[in-house]
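Contents: one structure, followed by commentary.
In what follows, chains are A, B, ... by sequence order, proteins preceding strands, each numbered from 1.
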There are 2 protein chains.
Amino acid sequence: MKPLQKPTSRSAARAENERLILEAAETVFAEHGFKGATTGQIADRAGIPKANLHYYFPTKESLYRQVVENIFRIWLDAANTFDDCDDPEVALTSYINAKMDISRRHPMGSKVWANEILHKAPVIQDYLETTLDEWTESRIAVIERWIAEKKMAPVDPRTLLYMIWATTQHYADFNHQIETLNAGKPLSEEQFETAKKTVVGIILAGVGIHPNGKGAGA
Amino acid sequence: MKPLQKPTSRSAARAENERLILEAAETVFAEHGFKGATTGQIADRAGIPKANLHYYFPTKESLYRQVVENIFRIWLDAANTFDDCDDPEVALTSYINAKMDISRRHPMGSKVWANEILHKAPVIQDYLETTLDEWTESRIAVIERWIAEKKMAPVDPRTLLYMIWATTQHYADFNHQIETLNAGKPLSEEQFETAKKTVVGIILAGVGIHPNGKGAGA
DNA sequence: TGAAGACTTGACCAATCGGTCAAGATGAGA
DNA sequence: TCTCATCTTGACCGATTGGTCAAGTCTTCA
């Protein structure tokens, strides 16, 4: 058996440094974009010299790619809540809530993603074409089945998904605008809960699901 | 009376050059962000030498500011369609349609705006705090009155506006993602019309307005 | 304990980019 | 036609920045 390492051993220090760098990088890339961010800025924020950052991540691009891959993993976790239940009311509610919570807790990740798409996805194009496309098509099929089973009104499934993505991510990507329109202050927990309930309410009613009533509207 | 100038006169050439530069700048700023865009790139796209660009716009920032102000003017025009009619069904429908059409026809402008907010609005913060804030508050008041008059269901007006902004702008800002998920092809006119109708339908039903029925749900 | 590898870091370099400049071309008015 | 202001442009400059390097320091393990 190999001996246990002290918490400050080589490998632990390495893991800790990589974590610090990735955390700093996520914020700096989110707020300045890939081009606007400098490795010096990221190193400063991580509290290490720039040369040391380049020891762990040889190029700015490799660091960026790692950040984007982490974000994509978080996104995929939330995507699974869509399948919590086969009832559209429960599935849509938990999916919207999960995405809203991610925007609240990981706004920087969402901003990096938005930047990527805005700049035509130079790094994540392959994810869009494979994982994201497959996920989207399979969920469209689920929604079409719900519609056929009269569990919800006949709406275009693709547009519904885009509305959910757009709205939930808006609370991260456009957070600065939302704060400015909220007297310059971040949304309180209460305000954010109101937003979540309102989004869920409008989407559910919008697709003809009325929690207190029965099925779909005509 | 001043003599008419030939079409290729000084002032006409100046106006034409400024238009070319602004058009090129909008696209390049949209796709690369402020930092990512280079004046050389913009000049190339406008078909003039870089030094000439700096003759018309002394600094990159002054050019950027002009682009953003043009975009804001277009945005304000669309905002007025909100007041076409005091009936929420008509007002919301025409506002959503106007914003969707802008995303379709001026996607670059929307992307520049998104970039600005993502980067904490270094150039347009004053617009957010004055014009946008006033517009938003006044429309929230209108929506609250509609709710009090039972013309629509009691939803949080702010969240409703954010959903409309997020969704309509998504079709410009995330156009690359939408294209990728559409087999790499731009949305056809027919697909885009479907999207518009679906968004209007979900929002109207979401706030309890049923065009074929009467007023609001409880 | 000492050798070898892993990590740290200040100094440095080449490339890029925003902006300048001076010399010339062009058009309008007298 | 002459003059002057406007416009055009290639060459250039200083600042920034991604990335390198060599000279160290620290851990680990035989």
Side-chain angles (χ1 to χ4, degrees), chain A residues 1-22 24-29 31-68 115 119 122-123, chain B residues 1-22 24-29 31-68 115 119 122-123:
Chain A
M1 194 196 295
K2 294 216 174 144
L4 285 176
Q5 313 263 333
K6 275 198 293 185
T8 51
S9 71
R10 275 268 145 89
S11 63
R14 178 172 201 110
E16 173 68 3
N17 273 341
E18 284 181 353
R19 197 187 59 77
L20 277 175
I21 294 170
L22 285 168
E26 185 173 297
T27 301
V28 175
F29 281 133
E31 292 184 350
H32 301 276
F34 178 75
K35 254 296 186 114
T38 70
T39 52
Q41 248 179 315
I42 296 171
D44 281 355
R45 186 172 245 272
I48 59 170
K50 189 180 66 159
N52 200 10
L53 179 147
H54 277 96
Y55 173 74
Y56 285 102
F57 297 91
T59 67
K60 185 181 175 183
E61 192 174 321
S62 68
L63 173 56
Y64 182 71
R65 182 176 287 272
Q66 187 74 59
V67 167
V68 170
N115 249 308
H119 299 12
V123 171
Chain B
M1 193 198 297
K2 295 215 174 144
L4 285 175
Q5 313 261 337
K6 276 197 294 186
T8 52
S9 73
R10 278 267 146 89
S11 63
R14 177 173 202 109
E16 173 68 3
N17 274 340
E18 283 181 353
R19 195 188 60 76
L20 277 175
I21 294 170
L22 285 168
E26 185 173 299
T27 301
V28 176
F29 281 134
E31 292 184 350
H32 301 275
F34 178 75
K35 254 297 188 111
T38 71
T39 53
Q41 245 180 317
I42 296 170
D44 280 354
R45 187 173 244 271
I48 60 170
K50 188 180 68 159
N52 201 10
L53 180 146
H54 277 96
Y55 174 74
Y56 286 101
F57 297 90
T59 66
K60 185 182 176 183
E61 192 173 322
S62 67
L63 173 56
Y64 182 70
R65 182 176 287 272
Q66 187 75 56
V67 167
V68 170
N115 250 306
H119 298 14
V123 170

Check: Between B/Asn115 and B/Gly33, what is the shortest heavy-atom contact and its length?
Finding: ND2-CA, 3.9 Å
Margin query: Can you classify the ring geometry of A/Phe34 versus A/Phe29 as parallel (below 30°), tilted (30 to 60°) or perpendicular (above 60°)?
Written below: parallel
Checklist line | Distance, rounded to the nearest Å, where A/His54 contributes NE2 and C/dA6 contributes P | finding: 20 Å
Item checked: No-H, no-angle donor-acceptor pair, B/Lys60 side chain to C/dG19 base, under 3.5 Å -> no
Next item on the list: Return the value, rounded to whole Å, for the distance between atom NZ of A/Lys50 and atom P of C/dC13.
Entry: 14 Å
Checklist line | A/Lys35 side chain near C/dC17 phosphate (N/O to OP1/OP2, under 4.0 Å) | finding: yes
Next item on the list: Whole angstrom is fine here: how far is it from OH in A/Tyr55 over to P in C/dA11?
Entry: 22 Å
Notebook entry, point to check: Rounded to the Å, how far apart are A/Phe29 CZ and D/dT17 P?
Noted result: 13 Å
Next item on the list: Write down the distance between CG (B/Leu53) and P (D/dT8), rounded to a whole number of angstrom.
Entry: 11 Å
Check: Touch check for A/Tyr56, heavy atoms < 4.0 angstrom, all strands: base, sugar-phosphate only, or nothing?
Finding: sugar-phosphate
Margin query: For a 4.5 angstrom cut-off between non-hydrogen side-chain atoms, does B/Ile21 reach B/Leu63?
Written below: yes
Check: Among the nucleotides D/dT8, C/dC7, D/dG18, which one has an atom lying closest to any side-chain atom of A/Arg14?
Finding: C/dC7
Checklist line | A/Leu63 CG to D/dG19 C1', straight-line distance once rounded to whole Å | finding: 14 Å
Item checked: Minimum-distance nucleotide (side-chain atoms of B/Ala51 versus C/dT9, C/dC21, D/dT8) -> C/dC21
Notebook entry, point to check: Which is true for A/Ala37 with a 4.0 Å heavy-atom rule: it touches a base, it touches only sugar-phosphate, or it touches nothing?
Noted result: sugar-phosphate
Note to self: If we ignore hydrogens and angles and just use 3.5 Å, is the side chain of A/Lys50 paired with the main-chain N or O of A/Thr38 as donor and acceptor?
What the structure shows: no
Notebook entry, point to check: Nearest to the side chain of A/Pro49, which nucleotide is it out of C/dT9, D/dT17, C/dT8?
Noted result: C/dT9
Notebook entry, point to check: Quick one: is D/dG18 close enough that its OP1 or OP2 comes under 4.0 Å of any side-chain N or O from A/Thr39?
Noted result: yes
Item checked: d(CG, A/Asn17; P, D/dT27) in whole Å -> 13 Å
Notebook entry, point to check: Any idea which heavy atoms bring B/Lys35 and B/Lys60 closest together, and the distance?
Noted result: O-NZ, 3.6 Å
Next item on the list: Give the rounded distance in Å between these two atoms: CZ of B/Phe57 and P of C/dC17.
Entry: 21 Å
